Amino acid sequence: MSDTHPSLQVSVADIRMRNPVMTASGTFGYGSEYVDFIDLNQIGAVVVKGITSVPWAGNAMPRIFETPSGMLNAIGLQNVGIDGFIDKKLPYLRNFDVPVIVNVCGEQVEEYLDVTEKLDAADGVAAIELNISCPNLHCGGMSFGVDPKLTDELVKGVRKKTTLPLLVKLSPNVTDITVIARAAEDAGADGLSVINTALGMAIDINTRRPQLANITGGLSGPAIKPIAIRMVWQVYNAVSIPIIGMGGIMTGDDAIEFFIAGASAVAVGTANFVNPRASLDVVDGIEEYLERHRMHSIAELVGSLEVP
Amino acid sequence: MPNPTQKFDLPTEVISNELIAENHYLLRCSCPEVAARALPGQFIHVLISQGSGLLLRRPFTVYTIDDDQITMLYQLIGEGTNVLSGLKFGDSIRVLGPLGNTFDFSVTPNPAIIVGGGAGIASLMLLATALRDADVHTLALVGSMNQARLLSVKDLQAIGVDTHIATDDGSVGHHGFVTELLTHLLQTHDLQNPVIYACGPDGMLRTVTKIALDSGIPTQLAMENRMGCALGVCLGCVCKVQLSEGGFEYQRVCTEGPVFNAEDIIW
Ligand SMILES: Cc1cc2nc3c(=O)[nH]c(=O)nc-3n(C[C@H](O)[C@H](O)[C@H](O)COP(=O)(O)OP(=O)(O)OC[C@H]3O[C@@H](n4cnc5c(N)ncnc54)[C@H](O)[C@@H]3O)c2cc1C
Ligand SMILES: Cc1cc2nc3c(=O)[nH]c(=O)nc-3n(C[C@H](O)[C@H](O)[C@H](O)COP(=O)(O)O)c2cc1C
Ligand code: FES
């Protein structure tokens, strides 16, 4: 090994990963769906679909729609519920040597607490990612993520229930994301995931109906990358806990942009739908970049934006 | 041990891509891994071109398998199929598959009644071939807008399937809907152990479902919904399915489907 060979290992919010690339919640199922294409042991961390205290049926159809360089989704958090997850999904993931991060959602604080308590007691969970930002539910997660007081109350509540590393996933659908970021940090978050999907809408002009049954949905994919980069940079300048950057990452170069903006790790979402190997291709791209620029670690890049 | 349900994501080149009826193309490519495994009703998720400006893949049923090659028969709908139709010999695509479940004919239908509306017949050709191979008496009812858009009739006849045609404008065959042919068939024949297999526009599938429920004939539908991942993770492709224990569940067309029992679908 030459001395320029970079190390991709990172430890973010006390989550030790062999590389800084996670899968974004809701885009990688429970991991098992991708094993024909990917060795899960080579991913930085697997972040599973949002879990609620009881199973949720999800929204009516249609639930997705492709838009220029992106897609809208309004899935409505269809999931197996925490008991189903622990009984049926988690045991499979324990076969792998990869940190499993569980995305947690709910409509009320009590639901988040219930899920958190069960995850804290379960074997094989590396961290919790609190989804306070899901834009799809009429009376759900949305309200927490847009209000610093609600964010504070929720994060403090969950913090008391677990010693696991706690990530809080922020919504871009706010006027000033730094206000929510600080509220989450002050309430005890160990790291921040930035960003969730951006609220959007599309219409079939022939029928004049919305393209989604839910009318509005979350926009993801390359279309939101500039928004995500901007928000990572803003949050980086506002807090001192690490950031996991996401939103439209398709390649290693996209990930590098997030590191420069201030992310310590990244997550690959919609790209998994286009290319099932996307997360590993991103890892390779990062490694190539580091080699090309004779860097030894990701840390040299994090927040390295040169402002003219 | 080789995994029989293994999925692949492979680059391949277009061998041919030709207009076979008004608004419909047949694309052929070499895909040994999929050709060796694809079962009737299964589909592939095609990455058309990374330079086309499209983000997501597009799902198409495997139409036929010839040794290492597969074909897909597709209708021009929008941007994706438009770009696809422009591909020439040697152009590259990526094929993810084989995906989804398969039609069930383990009950030995007599006859098997295939009902295809428009490009829906594309999802039933591999089934017709498998039924022929299993010596199952098979009838095909093929519906289209008009004669110029009529699909698959020759292919079905070539494998010995008794094929009947309906067109919306009466330019060939029965003047009317393909579901009318189905009703007529059931009214005029005393069928032993019929099973219906259908794919087509929602309106047609609803009518087929009604016929199935009224007549009590077991019926399998190949559903087509917008897809994101086609691997079961995005939950974007679901349809509403009645559960035997009561209530309903949204099931994934890409994973639990695309083939569902007609009586289980809640429209
Ligand atoms: C399992 C499965 C098998 C299919 N097999 C065939 C086949 O063999 N031959 C064929 O002609 N068509 C088939 N379809 C439909 C085909 O996928 C769509 O017609 C195609 O995706 C349209 O893409 P577009 O970009 O041209 O249209 P657009 O309308 O621009 O597409 C926009 C979005 O809607 C989706 N979409 C549009 N129409 C349909 C539809 N009818 N069904 C599902 N998704 C749709 C597209 O995938 C895309 O995400 C199948 C669909 C599914 C789900
Ligand atoms: C179909 C779909 C489902 C998603 N489900 C969840 C979820 O359950 N919980 C969550 O926190 N984020 C969810 N997300 C958001 C992603 O994790 C990610 O934050 C967002 O899509 C931006 O990244 P991307 O552009 O790389 O996809 C979902 C996104 C998509 C496209
Ligand atoms: S297309 Fe993603 S779950 Fe079926």
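A quick note: this is a predicted structure, and the numbers were derived from the prediction, not measured. Here is how names work: the chains are called A, B, and so on, in the same order as the sequence lines, proteins then strands, and each is numbered from 1.
- B:F8 and A:F37 get closest at one heavy-atom pair: C-CE2, 3.7 Å.
- The side-chain heavy atoms of B:L55 and A:M250, taken from C-beta on, include a pair separated by under 4.5 Å.
- By the 4.5 Å heavy-atom criterion applied to side chains, B:C229 and A:N272 are not counted as neighbours.
- Distance alone, capped at 3.5 Å, places no donor-acceptor pair between the A:Q78 side chain and the B:L235 backbone.
- Note that OG1 of B:T255 is 8.0 Å distant from CD of A:E33, once rounded to the nearest 0.5 Å.
- The environment of CZ in B:F177 is sparse: at most 12 heavy-atom neighbours from other residues, nucleotides or ligands sit within 6.0 Å.
- Only the side chain of A:P222 comes within less than 4.5 Å of a heavy atom of chain B; its backbone N, CA, C and O stay farther away.
- Using a 4.5 Å cut-off between heavy atoms, A:F28 touches chain B through its backbone atoms (N, CA, C, O) alone.
- Of the two parts of A:A60, the backbone and the side chain both hold a non-hydrogen atom closer than 4.5 Å to a non-hydrogen atom of chain B.
- Heavy atoms of A:F65 lying under 4.5 Å from chain B belong to its backbone as well as its side chain.
- Classification of B:R58 and A:E66 as a salt-bridged pair holds, one side-chain N sitting under 4.0 Å from a carboxylate O.
- Contact detail for B:G228 and A:I64: the closest heavy-atom pair is N-CD1, 3.3 Å.
- In B:D67, the CG atom is not crowded: 12 or fewer heavy atoms of neighbouring residues, nucleotides or ligands sit closer than 6.0 Å.
- With a 4.5 angstrom heavy-atom cutoff, A:T67 does not touch chain B via any of its atoms.
- Only the backbone of B:T5 comes within less than 4.5 Å of a heavy atom in chain A; its side chain stays farther off.
- B:R57 and A:P276 make their closest contact through NH2-CD, 3.9 Å (heavy atoms, listed as atom of the first residue, atom of the second, distance).
- With hydrogens and angles left out, the side-chain atoms of A:Q211 and B:R226 include a donor and acceptor closer than 3.5 Å.
- For CD1 of A:I205, the number of neighbouring non-hydrogen atoms (other residues, nucleotides, ligands) closer than 6.0 Å is 12 at most.
- Not a single donor-acceptor pair under 3.5 Å links the side chain of A:D36 to the backbone N or O of B:Q6.
- Heavy atoms closer than 4.5 Å to chain A are found in both the backbone and the side chain of B:D9.
- With values rounded to the nearest 0.5 angstrom, B:C237 atom SG is found 8.5 Å from A:R63 atom CZ.
- With a 6.0 Å radius and a threshold of 12 heavy atoms from other residues, nucleotides or ligands, A:R94 has its CZ atom above the threshold.
- At a threshold of 4.5 Å between non-hydrogen side-chain atoms, the residues A:F273 and B:V233 count as touching.
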